[in-house]
Amino acid sequence: AFLISSVTATFVQGVVVGSVIEGFPVANRAFTGGAFDWLAPFPLFCGFGLVIAYALLGCGWLVMKTEGHLQQQMYKVLKPLTLVMLAVLAVISLWTPLAHDAIAARWFSFPNILFFLPVPLLVLVCAVALFRSVSRHLHYTPFFAALGLVFLGFTGLGISIWPMIIPPVIDYEMAAAPGESLSFMLVGALFIIPVILVYTWWSYYVFRGKITHDQGYH
């Protein structure tokens, strides 16, 4: 049940991301599409891609946190998963501009292409770091390199739709709440975000190091 629910939740998250990239038909600030607009090739492929991304992160996490037989099994899975992840990123990177002229113009027009070039170059750097870390049996690099790949993938998608929040017509200014609401939320965020950062750091500190068989609370 945990396996099925985790894969399903991840797949649906990817479908949502793909649907956002595809854009929503909007008229008078109201959604005018159908209930099954998400059931299209691109959103479904994004769902598959996010499952691969989370699996890659999970393998990197297990390499970092475990040892022995389980860790060795994850080393064997990391390289094939990385290749699939790179293939997914390549397909989405080609599919998105080919399907949307505005995105193609944003990515490939000059001088924009000079500013966006670091994204694919950093993807290559993370991929090389991941492969080298597996060959050398490093413990921490695989997870952080995989994290970099996922971050860069979402960065590319963010660049593709900027400044739209709900493509193709609603940008971040149109989607923003009134100034009074934003000011109120800013005050709350100034208090809440440090608390979140502290307890997140504390949870990672408490569960630091390798997991061993005698630590049942893990």
Side-chain angles (χ1 to χ4, degrees), residues 2 5-21 46-47 49-67 70-71 74 78 81-82 85 89 115-116 118-130 133 138-166 170-212 214-218:
F2 182 78
S5 61
S6 298
V7 173
T8 302
T10 303
F11 178 78
V12 172
Q13 288 177 21
V15 169
V16 170
V17 172
S19 298
V20 171
I21 301 299
C46 287
L50 196 61
V51 171
I52 298 300
Y54 280 15
L56 183 64
L57 285 173
C59 285
W61 177 259
L62 287 173
V63 165
M64 184 171 63
K65 297 294 291 182
T66 64
E67 53 191 11
L70 178 58
Q71 187 187 58
M74 292 302 102
L78 268 172
L81 266 180
T82 302
M85 180 68 183
L89 290 175
F115 297 116
F116 300 152
V119 175
L121 292 179
L122 288 173
V123 167
L124 182 61
V125 169
C126 288
V128 171
L130 216 162
S133 65
L138 302 179
H139 291 200
Y140 294 93
T141 307
F143 175 71
F144 290 106
L147 197 62
L149 281 177
V150 175
F151 174 78
L152 290 169
F154 278 104
T155 299
L157 293 177
I159 292 172
S160 297
I161 66 173
W162 178 261
M164 299 300 168
I165 297 297
I166 305 177
I170 298 180
D171 60 23
Y172 70 94
E173 290 183 343
M174 297 172 63
E180 295 80 3
S181 298
L182 293 175
S183 300
F184 178 78
M185 287 188 290
L186 176 62
V187 174
L190 292 176
F191 288 97
I192 295 298
I193 290 178
V195 174
I196 293 174
L197 292 176
V198 168
Y199 79 64
T200 301
W201 171 82
W202 179 249
S203 64
Y204 275 86
Y205 177 78
V206 169
F207 293 102
R208 68 192 181 279
K210 295 286 186 179
I211 298 170
T212 59
D214 59 340
Q215 293 175 318
Y217 63 86
H218 284 287

Taking only residues two or more places apart in sequence, or in another chain, which ones meet [X] in a side-chain contact (heavy atoms from CB on, under 4.5 Å)?
| X | answer |
| --- | --- |
| S5 | none |
| Y172 | W162, P163, I165 |
| V125 | none |
| L62 | T66, L70, M74 |

What heavy-atom pair brings [X] and [Y] nearest, and what distance separates the two atoms?
| X | Y | value |
| --- | --- | --- |
| A53 | V150 | CB-CG2, 3.9 Å |
| A177 | S181 | CB-CB, 4.0 Å |
| L81 | C59 | CD1-SG, 3.6 Å |
| Y140 | F144 | O-CD1, 3.1 Å |
| L78 | P142 | CD1-CB, 3.8 Å |

Do [X] and [Y] come within less than 4.5 Å of each other through their side chains, counting heavy atoms only?
| X | Y | answer |
| --- | --- | --- |
| F11 | L50 | no |
| L122 | T155 | no |
| I21 | C46 | no |
| H139 | Q71 | yes |

- request: For L89 and L152, run side-chain contact (heavy atoms from CB on, under 4.5 Å): C-alpha distance rounded to whole Å, both residues' side-chain angles, the deciding distance at 0.1 Å, then the answer.
  value: CA-CA 10 Å; L89 290 175; L152 290 169; over 6 Å; no
Ring pair (Phe, Tyr, Trp, His ring centres under 6.0 Å) involving F116 - partner list, sequence neighbours excluded: W107
query: Are the side chain of K65 and the backbone of G60 linked by a donor-acceptor contact shorter than 3.5 Å?
result: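 No; zero donor-acceptor contacts below 3.5 Å.
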- prompt: Quick one: side chain to side chain donor-acceptor pair (under 3.5 Å) partners of T141, sequence neighbours excluded?
  reply: none
Quick one: side chains of residues 13-20, donor-acceptor pairs under 3.5 Å with protein atoms, not counting sequence neighbours, listed by atom name and distance.
residue: Q13; atom: OE1; partner: Y54; partner atom: OH; Å: 2.9
residue: S19; atom: OG; partner: V15; partner atom: O; Å: 2.8

Acceptor/donor pairs from residues 188-202 side chains to any protein atom, 3.5 angstrom cut, sequence neighbours excluded:
residue: T200; atom: OG1; partner: I196; partner atom: O; Å: 2.7

Atom pair CE/CG of M174 and D171 - distance to nearest 0.5 Å: 6.0 Å
query: Atom CG in L130, atom CZ in F143: separation rounded to 0.5 Å?
result: 11.5 Å
